[in-house]
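This report refers to the structure that appears directly beneath it.
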Amino acid sequence: MAQTTLIVGLDGSDAGKRALDFAKAQAKLIGDCDIAIVYVIEWSPFSFQTPEENEQRHKRRDEELALAHSRVVDPAVNAATEEGFTVEGIARHGDVAEILDRIAKNRGAVQIIVGRVGHRGLKERLFGGVTARLAAVSSVPITIIP
């Protein structure tokens, strides 16, 4: 039987922590299950910058990815691994909804689990957020944790 994979979107918020807790509970019920913890830094390829800013963009991108790993992804992976789960940590730049869906497709995941309100809070409530976009584009079931 193929390994079951769950994708968890983390952003460092309490809702993200609850999403990971839910994924771990699901993984225990499923049994033979991998968890991919994914942190996505919003990154638009369509911003207009000066040539000097473009030179620094890739350096900043690498620094941000390293910071995401050290502050959010790696601690979550280490804690879940110590609890006995098979976990992989992933940090990417781009559109959160599209990247979560792409990773889910590429890994044959059965579910994406995200927190309802992350660090953006009020802005997302007013203008719609990652969760709404993910619901519109996802190719796998989504669980949204309050």
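Values below: all heavy atoms of this structure, side chains included; hydrogens, waters and symmetry mates excluded.
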Is there side-chain contact between L6 and C33, with heavy atoms separated by less than 4.5 Å? yes
Checking L100 against V114 for the side-chain contact (heavy atoms from CB on, under 4.5 Å) test, could you report, in this order, the C-alpha distance in whole Å, the side-chain angles of both residues, the deciding distance, and whether it holds? CA-CA 10 Å; L100 288 173; V114 294; 4.0 Å; yes
pair D34-T4: side-chain heavy atoms closer than 4.5 Å: no
For R71, I'd like to know if atom CZ has over 12 heavy atoms of other residues, nucleotides or ligands within 6.0 Å. no
For V72 and G12, work out which heavy atoms get closest and say how close. CG1-N, 3.9 Å
Between the OG1 atom in T86 and the CG atom in D32, the distance rounded to the nearest 0.5 Å is 7.5 Å
Kindly determine whether I99 and D95 satisfy side-chain contact (heavy atoms from CB on, under 4.5 Å), including the steps that lead there. CA-CA 6 Å; I99 289 176; D95 179 85; 5.6 Å; no
Between D101 and A97 (side chain of the first, backbone of the second, donor and acceptor by atom type, cut-off under 3.5 Å), is there such a pair? no
Salt bridge present between R133 and E98 (N-O < 4.0 angstrom): no
Ion pair R92/E64, N-O distance below 4.0 Å: no
Are F85 and K28 packed together at the side-chain level, in the sense that at least one heavy-atom pair is separated by less than 4.5 angstrom? yes
Any idea which heavy atoms bring A76 and L20 closest together, and the distance? CB-CD2, 3.9 Å
What closest approach, in Å, do I35 and A27 show between heavy atoms, and which atom pair accounts for it? CD1-CB, 4.0 Å
Here the gap from K17 atom NZ to L10 atom CG, rounded to the nearest 0.5 Å, amounts to 9.5 Å
Evaluate E88 against R107 for side-chain contact (heavy atoms from CB on, under 4.5 Å), listing each step before the verdict. CA-CA 12 Å; E88 176 186 5; R107 296 177 190 282; 3.0 Å; yes
Can you find a heavy atom in the side chain of I37 that is under 4.5 Å from one in the side chain of V87? yes
Is the closest basic N to carboxylate O distance between K24 and D21 below 4.0 Å? yes
In this structure, CZ of R102 is separated from CD1 of I7 (nearest 0.5 Å) by 12.5 Å
Note, I90 side chain near I103 side chain (heavy atom, < 4.5 Å): yes
Could you check L134 against I112 for side-chain contact (heavy atoms from CB on, under 4.5 Å), going step by step and ending with a plain yes or no? CA-CA 9 Å; L134 184 59; I112 299 171; 3.8 Å; yes
Residue pair T143 / F22: nearest heavy atoms and the distance that separates them: CG2-CE2, 3.6 Å
Euclidean distance, I113 CD1 relative to I145 CD1, rounded to 0.5 Å: 6.5 Å
Indicate the atoms forming the closest heavy-atom contact of R18 with P146, along with that distance. NE-O, 2.6 Å
Rounded to the nearest 0.5 Å, what's the gap from CD1 on I41 to CG on L65? Could you check? 4.5 Å
Please answer whether the main-chain N or O of L67 pairs with a side-chain N or O of S70 as donor and acceptor at a distance below 3.5 Å. yes
Enter the distance from S138:OG to K105:NZ here, rounded to the nearest 0.5 Å. 8.5 Å
